[in-house]
Amino acid sequence: MQGPVDDETVRAASAGDEIAIARIDAAFRPRLEHQASQSGVPAEDGKDVVQDVLIDVFRQLRAGSFRYESAFGTWVYSIARNKIIEYWRKQGRLQRLHDGAQSTLPQAASSPEQAVIVAQALEMLPRREAVILVLSRQEGRTLEEIGQMVGLKKSRVDELLQSAKLKFAAIILTGREPPHIRPKDESE
Amino acid sequence: MSRVSNATKRAWTESTYRESIVPYCFGDLDADERAAVERHLFECDGCWRTLQQLEGAVSSLRSDRRTSAGLLTPKVLVDVTLGERAAGPFQGHFGFAIAAAAGVAATHVVGIWTELGYSFDRFGGLAMWLSAAVLLGVFAAMLLVLRAMAARPVRQMLLTGIVGIAVVSAVLLASTAVLLPHEPTIQADIATRTAFAGFVKNVLLYFLPLMVVFVLLPFQAVVALECDVRQGKVNNVRSLLVSRFGFVPTGVVLVQPGVLGGLLAALAVLGIAGANYLLDAVRPGPFAGLFALALYVRMFCWFATAAIGVWWYAVRLDDIKRLLRLTAELNAGRG
């Protein structure tokens, strides 16, 4: 497992090395923004929360609080987690953090390029699996509803949906259809 | 809903984390699993890169309907629902074809027993081997007729079926003409026909209407409507099935299932009355009981086959209606 930064960078940052600090900032800021977003922190507050976390990380690093007993990322994660709890406590809605754990990914509009990539990935899926994936994830239809629409049992719809997700992910990650995907007319 | 097994929850490995990225992106992990993955993302560059690649795509899939613009059209939805089925034999209605052919064949077989059962002592052997031949012959012929119908263009489907059934019945009657006795085989207080004449009456009055009204009509209507829907004539099919003001495809006879059900109920009353009248007139004999049994079994086979046809017809039309309603809802929701 390759960590975001090595111990040498962490040691340099704790000694005040600007380049190391910038490297850690670059490695963890996107992760922290993602974490804040996943915890339900609104985008307008997210950047402030992330900034607070990074300030705290570097302050504690300089104070020698990180003892190299765990991975540096785990340590940063725990600081972030506490900051987010603190954020919600200030908002008086700590429960939101736990709800946030069930939250879905941000619903920001995708770029035209991203939309084309996703459309192409859906095209590469077996037609029925693509339809089931879209009905489930885009239209918010339940397995029962999809089953009624495509004339399949709920359990079969679930199987096809899981298969579609894995194939979709494989196409997105590799840029090509996985070898086990059969042609559209043999999707059953 | 967790997609990670309990075993993996107890012992997360690098591989578990990697496999969890996809369900994480799709929101399929429970709170503890999500937290574990999120912590791991702070420790592992590989998984973080995977997440970055996938997260945007999943987010786009969730929120951007442009990604599926060509996917949730009525035509594609219908293709997905009906198209794969239509690729199979009998336009995907294999189960109905088998059930209908078996029912029709069984009805024909029992029809032989109603003619020969009373004189089983004389014609029992003939009844037995003829039953086997008729069962296989009618079953196979019925499947061939339905198969031929399914393979024809919609406008020729019903005609193909009627011609096919007429040929089957003609061949059957021509074969039985030389095999069935040309003498009365039932002793009754009313005038009885010869066995062959009785079988001809069975075929013409009972079996042909059964095949045409309760098998061919539902089959051709369902296949034709499904075909129209696949061809994009969604609005017309919706009008036909919902408001009943659409244009019936050329060559297709569209009868409402309720009408067929009502006809079946009326025929049931007539059939029971007719059977009782005949049984009252039959003189006692060593195999009169066998004759009575055959008569009731024939009625059962006939009505069961017709009921299957009506039930199947109603279910399939409901399926089409539901599909059209849901596709309309979806497309209304997508503007």
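All chains are named by letter (A, B, ...) in the order of the sequence lines, taking the proteins before the strands, and each is independently numbered beginning at 1.
At least one side-chain heavy atom of A/His34 sits under 4.5 Å from a side-chain heavy atom of B/Trp48. In this structure the side chain of A/Leu161 never reaches within 4.5 angstrom of the side chain of B/Phe26, judged on heavy atoms. Residues A/Phe168 and B/Val58 have side chains in contact (heavy-atom distance under 4.5 Å, counting atoms from C-beta outward). Between A/Leu122 and B/Leu61, some side-chain heavy-atom pair lies under the 4.5 Å cut-off. With a 4.5 Å cut-off on side-chain heavy atoms, A/Gln38 and B/Glu55 count as touching.
With respect to the salt-bridge test (charged N to carboxylate O, under 4.0 angstrom), the residues A/Glu139 and B/Arg65 qualify.
For B/Leu41, the parts lying near chain A are the backbone and the side chain together; criterion is any non-hydrogen pair under 4.5 Å. For a residue to count as touching a neighbouring chain, one of its non-hydrogen atoms must lie under 4.5 Å from one of that chain's; by this rule A/Ile132 does not touch chain B. Both the backbone and the side chain of B/Arg39 come within less than 4.5 Å of a heavy atom in chain A.
Taking CD from B/Glu43 and OH from A/Tyr77, the interatomic distance works out to 9.5 Å, rounded to the nearest 0.5 Å. Going from atom CG of B/Leu54 over to atom CD1 of A/Ile171 covers 11.5 Å, rounded to the nearest 0.5 Å. Interatomic distance, CD of B/Gln53 versus CG of A/Leu173, reported as 5.0 Å (0.5 Å rounding).
Annotation: maximal heavy-atom pairing with chain B below 4.5 Å, among A/Leu135, A/Leu133, A/Thr74, occurs at A/Thr74.
Shown are A/Val116, A/Val118, A/Val134; of these, the side-chain contact (heavy atoms from CB on, under 4.5 Å) with B/Thr67 is made only by A/Val118.
With 3.5 Å as the limit, one finds no donor-acceptor pair spanning the side chains of A/Gln114 and B/Ser60. With no hydrogens or angles considered, no side-chain donor-acceptor pair links A/Ser39 and B/Glu38 at under 3.5 Å.
The shortest non-hydrogen separation linking A/Pro4 to B/Cys44 is CD-N, 4.3 Å. Here the closest non-hydrogen pair linking A/Ala115 and B/Arg66 is CB-NH2, 4.1 Å.
Crowding of A/Glu44 atom CD: a count of heavy atoms from other residues, nucleotides or ligands under 6.0 Å exceeding 12. By the neighbour-count criterion of 12 heavy atoms within 6.0 Å, atom CZ of A/Phe58 is densely surrounded, having more than that number from other residues, nucleotides or ligands.
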Side chain to side chain contact (heavy atoms under 4.5 Å, CB included) between B/Phe42 and A/Leu32: does it pass, once the steps are laid out?
-> CA-CA 9 Å; B/Phe42 278 75; A/Leu32 290 165; 3.6 Å; yes
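The backbone N or O of B/Ser63 sits nowhere less than 3.5 Å from a side-chain atom of A/Gln138 that would complete a donor-acceptor pair.
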